[in-house]
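Working notes for the structure below.
Atoms within a ligand are numbered from 1 in the order they appear, just like the ligands themselves. All residue numbers refer to positions in the sequence shown, counting from 1. Note that this is a predicted model, so its numbers are computed, not measured.
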Amino acid sequence: MARRCPFTTTAASYLLGILDPHEHAEFGRHARMCTPCRREIDELAPVVRLLKAIKSDHAAANGQRG
Ligand SMILES: [Zn+2]
């Protein structure tokens, strides 16, 4: 079993792009060497893509500006 990593919770923020640019780069580097974090990213990526698609659908439906 893979060990847990305290940074896996950061994966969602990383994928959503709400981290500082510095944190984003740092987590990206970390995830490359960290199996639990990479797995978390792999699992969350489709969900985040879906959420973003739903969000942009809503925005389009509501007449998005800019
Ligand atoms: Zn990690």
Taking the Zn ion (ligand 1) as the centre, count the protein N/O/S atoms lying under 2.8 Å from it. 4

About how many Å separate CZ of Arg38 and OG1 of Thr8, when rounded to the nearest 0.5 Å? 13.5 Å

For residues [X] and [Y], report the shortest heavy-atom separation together with the two atoms involved.
| X | Y | value |
| --- | --- | --- |
| Phe27 | Phe7 | CE1-O, 3.2 Å |
| Leu15 | Ile41 | CD1-O, 3.8 Å |
| Cys37 | His30 | SG-NE2, 3.4 Å |

Would a 4.5 Å heavy-atom cut-off, applied to side chains only, mark Glu23 and Ser13 as touching? no

With sequence neighbours excluded, what pairs up with His22 under the side chain to side chain donor-acceptor pair (under 3.5 Å) test? Glu26

